[in-house]
Amino acid sequence: MIAEPATDPLQLTGDGQLRNFLSIEGLPRSVLEQILDNAASFVDVGDRAIKKVPLLRGKTVVNLFFEASTRTRTTFELAAKRLSADVLNIDIARSATSKGESLMDMLRNLEAMASDMFVVRHADSGAPHYIARHATPEVAIINAGDGRHAHPTQAMLDMYTIRHYKGGFAGLKVAIIGDILHSRVARSQIHALNILGAEEVRVIGPRTLLPADIERLGVSVYHDLSQGLRDVDVVIALRLQKERMDSALLPSESEFFRLYGLNNERLRHAHPEAIIMHPGPINRGVEIASEVADGKRSVILHQVTFGIAVRMAVMSMCMSGRETEQRGRGGDHATAR
Amino acid sequence: MQPRADLLIRKARVIDPASGRDEVADLLLEGGRLVRIGASLDAPGAELVDADGLWLLPGLVDTCVRLPEPGNHRTGSLHSETRAAAAGGITHLCATPDTDPVVDSTAVVRLIRERAMRAGFARVLPMAALTQGLAGQQLAELATLRDAGCIAVSNAGHRVQDALILKRSLEYAATFDLPVVFRPQDAALSSGGCAHEGPVATRLGLPGIPAVAETVDLARALLLVEATGVRAHFHQLSCAASVGLLRHAKAQGLNVTADVSIHHLLLDESAIEGFNSLCHISPPLRSRADRDALMQGVIDGTVDAISSQHIPLGGSAKLAPFPSTRPGISGLDTLLSLVLELVQRDQLPLRRALDAITAAPARCLGVSAGRLEEGRLASLCLLDPAATRLPGEDWLSAGRNSPWLDTELPGTVRLTVCEGKVTWLSD
């Protein structure tokens, strides 16, 4: 294994609190567990008559989505609103960046509007890191998916779901199936599962969909679905994008489904109590059969519900980390600007 | 350039890899010509330079430099970049033809040579485009371009896709004994990539460029070089397999040479950790094993030369998320110091290291430079090897795209003389 980078000061304050949430990698187990514990306290907010808590009251959260994603943007928006924040959605396709304004100029303008948090989705790997490095320290950055790199809140809601149904991570065997090459979700899940102490993480797919040296991330590699599923406790199917077929990565959807599609027959190899997960949106009949997606072992819709609580946890922790840091510097948030 | 004055350089450690000379001696320059190297020289009236403790080297020859002129909104000028070269002890630099417009007409060659001459800091050796507009379709007027002053021909980073057109281009170049310079990289295999296809790119989720993108193109080129008998030089090798292919080709007697960038010898893929776009270069920084193989190739001479692979970029070129930044490092300012760094780390023997930036690159390109010869116009540099520098304070290239800025590096150039004229004199 190559050496893991040291704890990223971009992500943690001097006293180990979350200041930005850019990647699972480099975070200590305690922070991940704290996210899960905090999320647990937010899960029932959605069931209340008034679905709000005041933790981010008076704060401004900007959803900076450089790449379209209605589902993720909506869950972040809902999470921020349940924390009582004001939410601004920037439609990047119509924004000044398309008129030649640079990303840096746009950030400066948003900062000048006294934003407190940027939720960033970008097609380039590393974009949230870049923004975190260049933004004013008063603004917290949350990665809502960057290129093929990371989707840490999705991974944490998956961890929440696994912990909810399996009680913990010790002794767990988890299989991730499909397009690992392009999946930011898979990378973040792999880091999270390894940090949280899962016994084994397997990736399953044809070689065209597995990145070089993937085993160096701490996974076992399988090309045969039945073998890969043997005795696993958690099965995560990834979305297969149809354009993959056009770039000679796969011959056809039907062959992919025949070899790697999840159906009840295949699932017999997994542990009888195995749960089925998918980050969505699902392609029925491509990576997963309807009988599995809608079956009793599927927890796919619960993932969505837990996702809001996990995002609330991350947002409140980043804001809290920032404020502690600001106080430590001897200024309050308002005067620091 | 300053006027030619008689110059007596005293008690320098004269290291000239081409002749094997490594001794403390005096050098006398008269009218810009190196008239004598010897002990206790006397020259009444000559300007004296006390070089006790300093190294006197042939002027450096750089095989791979992208100059900003002519160009549309490119960073810097021939003036700024050749001045940076002079401050780094470089006297001769070979410029790639991928300018704007490309070097496929005598007018462009004349423009480059005239501007370089006017600037007066270094001898610019232009390469001509192998095909018109680097489009890979129609041969450029190679003989005319050679007569205008081009020393080699190349399609730079633009691959000639059609093997028949490439074969004919090589045959035509061979007719005039023009060296062809290749920059091997298969366009399809490298398409969309921005980092070495390996564990670091996988972890960072960066689209990869596999080593085979280089070797598949290198292998094709070597077969066509063998078939046509052309002289060939390969730029910017980046992986172990390329060194192996080249070693085999040389063993077969092919007339081929190669260079590697100093950055590929000092850094590996781990340099891009944290999405460090200053280390975003093309070809990408590869694995530790590749780096070690390149180093071994330089040591045993399979890889002839070390280049700066200089690409000066503007301030905004690196201000973006990693995949959207432009690849390239501004390398002229640091070439000599970084080579010394390799020597100080005992990774490269001194004489071979200096050969790789003086005589060897001159040999590769068939130019008369990179050595100290009595009777010829002098091109040399005087280096203080014990001094250190902090690139940044003394940075001269208009491109500040370097991972070495503000890093303490060994060696300071005190004096550079290019073809008899003082082109750099430090304070």
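Worth knowing before you read on, the calculation uses all heavy atoms, side chains too, and leaves out hydrogens, waters and symmetry mates. Here is the naming used below: chain letters follow the sequence lines, and residue numbers restart at 1 for every chain.
Dense packing is recorded around CZ of B:Arg345, with more than 12 heavy atoms of other residues, nucleotides or ligands lying under 6.0 Å away.
Among all heavy-atom pairs drawn from A:Leu240 and A:Glu287, the shortest one is N-OE1, 3.1 Å. Here the closest non-hydrogen pair linking B:Thr75 and B:Leu313 is OG1-C, 3.2 Å.
For the options A:Ile180, A:Asp146, A:Asp213, A:Leu181, heavy-atom pairs under 4.5 Å to chain B are most numerous at A:Asp213.
A distance-only check finds a donor-acceptor pair linking the side chain of B:Ser80 to the backbone of B:Ser77 [under 3.5 Å].
Of the two parts of B:Pro207, the backbone and the side chain both hold a non-hydrogen atom closer than 4.5 Å to a non-hydrogen atom of chain A. Only the side chain of A:His134 comes within contact range of chain B, with heavy atoms under 4.5 Å apart. Residue contact with chain B, scored on non-hydrogen atoms closer than 4.5 Å, involves the side chain of A:Arg187 exclusively.
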